[in-house]
Amino acid sequence: MKRSLSGIKPTGNLTLGNYIGALKNFKKYQDDYENFIFIADLHALTLPIDPIELRNNTKDIVAFYIAAGLDPEKTTIFLQSDVSAHSEINTILQNYLYMGELSRMTQFKDKSKKMNENAIGLGLFAYPVLMCGDILLYDADVVPVGEDQKQHVELCRDLVHRFNNRYNKELFKMPEPIIPKVGARIMSLSDPTRKMSKSDPKGDIFLKDDLNIVRKKIMSAVTDLGSDIYFDPVNKPGISNLLQIYASLKEITIKEAEEIFKDCHRYGEFKKAVADVVIEVLTPFQAKYKEVLASGKIDEILNEGARRANYIANKTLIKVKKTVGLYVHK
Ligand code: ATP
Ligand code: LTN
């Protein structure tokens, strides 16, 4: 059976961008693939974070995974830090990725340029190495992610080539990034030229937001000159962003969404339709999220997930150790 793997790092409150670009797509693979979905808690340490916040965010994400339709019987839901093979393979793989290629990663450049040069952690720089290990430990065929993570999966593909060539065998499987056709990069509602991001929240819609606030945020989203509704991210970034949100949540194409609003020449009316659909999706989602948190089942889910993930990951790790010449004894 083919495998799918993805994860989200618990660095803050999840946003509508996380939902549309990643979360909502995770369950697509749970019936036909072996599905591994984890919480990238080690990755969350790559920027300073309050320990209590990190723990709370972590539990939240498990509840969000279930709310988004993941079934722990079918999908292995686990914490990265519960599977020590992630850290071990990271130690090995870091020797096969180069400083030059890591320094070209957009995420590293974006995050580090906002920081004091003398306080950029090594972990932030080496972030993609750990991510390659996450993917390769599970022999993932597909990796569903938003646009901003595509570059990291491509780097992982380069590593697979390099590693397999060096040892002259098909040790690692070639992973395929799966980027949604609509909504791969949802922008901030207050500045539609920048990505909606949970660690730098400006103009974000949070999945936990009160629904009245959600409506207010959408009604006051920054729009563009004119009154026509069509997709043109360069000249109409605000309207194009709202069209993406609408189309993705309605599971239709951008063209179909444009068709629906072609005779609507009032931004207010259009925004109301966008707010309606967001609220329609978030209402049952939030109810399920609260139910999971109240059920007290989080630890049970994570224990079972850790058991299954460790089994697969440790098998891969042994193969890797043997391949590179580490002495694996009985
Ligand atoms: P941070 O601000 O901490 O970097 P983030 O909000 O960018 O976090 P991640 O944890 O990096 O979120 O990403 C989780 C998943 O959500 C990834 O697959 C990522 O591509 C996707 N994603 C994040 N932001 C967006 C967005 N604005 N639009 C679409 N997908 C997104
Ligand atoms: N870098 C990802 C989170 C992540 C991930 C992964 C996603 C860590 N390891 C492996 C897919 C596969 C992000 O969302 N920022």
Side-chain angles (χ1 to χ4, degrees), residues 3-26 29 35-49 53-54 57-58 60-61 64-65 68 78-81 83 86 89-90 93 105-108 110-112 114 123-124 126-157 159 175-189 191-207 241 244-245 248-249 309 313:
R3 293 214 179 116
S4 172
L5 171 129
S6 196
I8 296 183
K9 55 186 150 61
T11 42
N13 274 325
L14 291 203
T15 70
L16 189 64
N18 296 132
Y19 180 79
I20 290 177
L23 197 49
K24 136 185 202 290
N25 308 310
F26 290 175
Y29 296 91
N35 206 22
F36 292 86
I37 301 292
F38 68 104
I39 292 104
D41 52 357
L42 295 172
H43 276 110
L45 294 173
T46 55
L47 285 176
I49 184 162
E53 204 186 315
L54 174 55
N57 292 341
T58 301
D60 257 10
I61 296 191
F64 279 134
Y65 282 165
F78 66 100
L79 294 186
Q80 188 182 31
S81 64
V83 182
H86 288 256
I89 198 170
N90 180 59
L93 295 181
M105 292 293 113
T106 309
Q107 179 175 295
F108 173 71
D110 286 351
K111 298 214 184 251
S112 59
K114 296 180 200 150
L124 185 68
Y127 182 109
V129 183
L130 184 58
M131 180 158 164
C132 288
D134 300 337
I135 297 170
L136 300 179
L137 277 178
Y138 300 89
D139 275 334
D141 295 277
V142 295
V143 182
V145 281
E147 173 67 35
D148 62 329
Q149 293 302 314
K150 188 170 174 205
Q151 196 184 29
H152 290 157
V153 184
E154 306 257 315
L155 181 71
C156 183
R157 290 172 61 85
L159 176 66
E176 190 79 46
I178 306 281
I179 316 293
K181 286 201 180 71
V182 179
R185 189 174 171 83
I186 298 298
M187 311 307 273
S188 152
L189 295 189
D191 178 359
T193 59
R194 54 190 288 284
K195 193 188 88 146
M196 190 181 281
S197 166
K198 64 174 138 61
S199 65
D200 186 11
K202 284 188 203 86
D204 282 22
I205 291 188
F206 297 110
L207 298 179
N241 192 34
Q244 296 240 29
I245 294 174
S248 168
L249 296 181

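Start at 1 and go down the list; that is how both ligands and their atoms are numbered. In this text the structure is predicted, and so the values were computed from the model without any measurement.
A donor-acceptor contact shorter than 3.5 Å is absent between the side chain of Asp204 and the backbone of Met196. Using modelled atom types, one side-chain atom of Asn241 and one backbone atom of Met187 make a donor-acceptor pair closer than 3.5 Å. In this structure a side-chain-to-backbone donor-acceptor pair under 3.5 Å is present from Asp41 to Ser81. A donor-acceptor contact shorter than 3.5 Å links the side chain of Arg157 to the backbone of Pro175. The backbone N or O of Gln244 lies less than 3.5 Å from no partner atom in the side chain of Ser248, so there is not a single donor-acceptor pair.
Geometrically, ligand 1 and Gly7 share no nitrogen or oxygen pair separated by less than 3.5 Å. For ligand 1, the polar-atom distance check against Met187 finds no nitrogen or oxygen pair separated by under 3.5 Å. Residue-to-ligand polar distances keep Ile8 apart from ligand 1: every N/O pair is separated by 3.5 Å or more. Ligand 1 has an N or O atom lying under 3.5 Å from an N or O atom of Asp148, backbone or side chain. Any N or O atom pair closer than 3.5 Å counts here, and Gln149 shares at least one such pair with ligand 2. Between His152 and ligand 2, not a single N/O pair is under 3.5 Å apart. Backbone and side-chain nitrogen or oxygen atoms of Gly17 are examined, and one is located within less than 3.5 angstrom of a nitrogen or oxygen of ligand 1.
Atoms of ligand 1 found under 4.0 Å from any heavy atom of Lys9, numbered from 1 in the order shown, are 1 (P), 3 (O), 4 (O), 8 (O), 9 (P), 10 (O), 11 (O). Within ligand 2, the atoms closer than 4.0 Å to a non-hydrogen atom of Ser6 are 7 (C), 11 (C), numbered from 1 in the order shown. Of all atoms in ligand 2, numbered sequentially from 1 with element shown, those under 4.0 Å from a heavy atom of Leu5 are 10 (C), 12 (C). Under a 4.0 Å criterion applied to the non-hydrogen atoms of Val145, ligand 2 contributes the atoms 7 (C), 11 (C). Listed by number with element, the atoms of ligand 1 under 4.0 angstrom from any heavy atom of Lys195 are 5 (P), 7 (O), 23 (C), 24 (N), 27 (N). Proximity to His43 (heavy-atom distance under 4.0 Å) selects the following atoms of ligand 2: 8 (C), 9 (N). Every atom of ligand 2 with a heavy atom of Tyr127 under 4.0 Å away is listed here by number and element: 1 (N), 2 (C), 3 (C), 13 (C), 15 (N). Under a 4.0 Å criterion applied to the non-hydrogen atoms of Val143, ligand 2 contributes the atoms 11 (C), 12 (C). For ligand 2 and Lys9, the ligand atoms under 4.0 Å from any heavy atom of the residue are 15 (N). Residue Gly183 has at least one heavy-atom neighbour below 4.0 Å for each of these atoms of ligand 1: 29 (C).
Contacts of Ile135 with ligand 2, taken as heavy-atom pairs under 4.0 Å, involve the side chain alone. Of the heavy atoms in Ala184, only backbone atoms (N, CA, C, O) come closer than 4.0 Å to ligand 1. Counting heavy atoms under 4.0 Å from ligand 2, residue Gln80 does not touch it at all. Residue contacts with ligand 1, taken as heavy atom pairs separated by less than 4.0 Å, involve Ser197 via backbone and side-chain atoms alike. Using a 4.0 Å cut-off between heavy atoms, Arg185 contacts ligand 1 through its backbone alone, with no side-chain atom that close. Heavy atoms from both the backbone and the side chain of Val145 come within less than 4.0 Å of ligand 1. Here Phe36 has no heavy atoms under 4.0 Å from ligand 2, in either its backbone or its side chain.
When the heavy-atom distances from atom 18 (O) of ligand 1 to Gly12, Gly21, Gly146, Pro10 are ranked, the shortest goes to Gly146. Within the set Lys198, His152, Lys111, the minimum heavy-atom distance to atom 4 (O) of ligand 1 is found for Lys111.
Using a 30° and 60° split on the angle between ring planes, His152 and Tyr127 fall in the tilted class, from 30° to 60°.
Between Leu14 and Asp60 there is no side-chain heavy-atom pair separated by less than 4.5 Å. Residues Met131 and His43 have side chains in contact (heavy-atom distance under 4.5 Å, counting atoms from C-beta outward). Proximity of Thr15 to Ser197: side-chain heavy atoms (C-beta onward) are nowhere separated by under 4.5 Å. Contact of the Thr106 side chain with the Asp148 side chain is not registered, since no non-hydrogen atoms from C-beta on lie closer than 4.5 Å. At least one side-chain heavy atom of Ile8 sits less than 4.5 Å from a side-chain heavy atom of Phe26. Using a 4.5 Å cut-off on side-chain heavy atoms (C-beta onward), Tyr19 and Ile205 make no contact.
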Listing, residues 177-184 side-chain donor-acceptor contacts under 3.5 Å, not counting sequence neighbours, or none:
none

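Of the protein's heavy atoms, Gly7 O, 3.6 Å lies nearest to atom 3 (C) of ligand 2. Among protein heavy atoms, the minimum distance from atom 9 (N) of ligand 2 is reached at Asp134 OD2, 2.6 Å.
Ring centers of Tyr138 and Phe38: at least 6.0 Å apart, outside the cut-off.
Contact annotation: Ala40 has no heavy atom less than 4.0 Å from any atom of ligand 1.
Not counting sequence neighbours, the partners of Lys202 by the side-chain hydrogen bond (donor to acceptor under 3.5 Å, both in side chains) test are Asp200.
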Assess whether side chain to side chain contact (heavy atoms under 4.5 Å, CB included) is satisfied between Asn57 and Lys198, documenting all intermediate values.
CA-CA 11 Å; Asn57 292 341; Lys198 64 174 138 61; over 6 Å; no
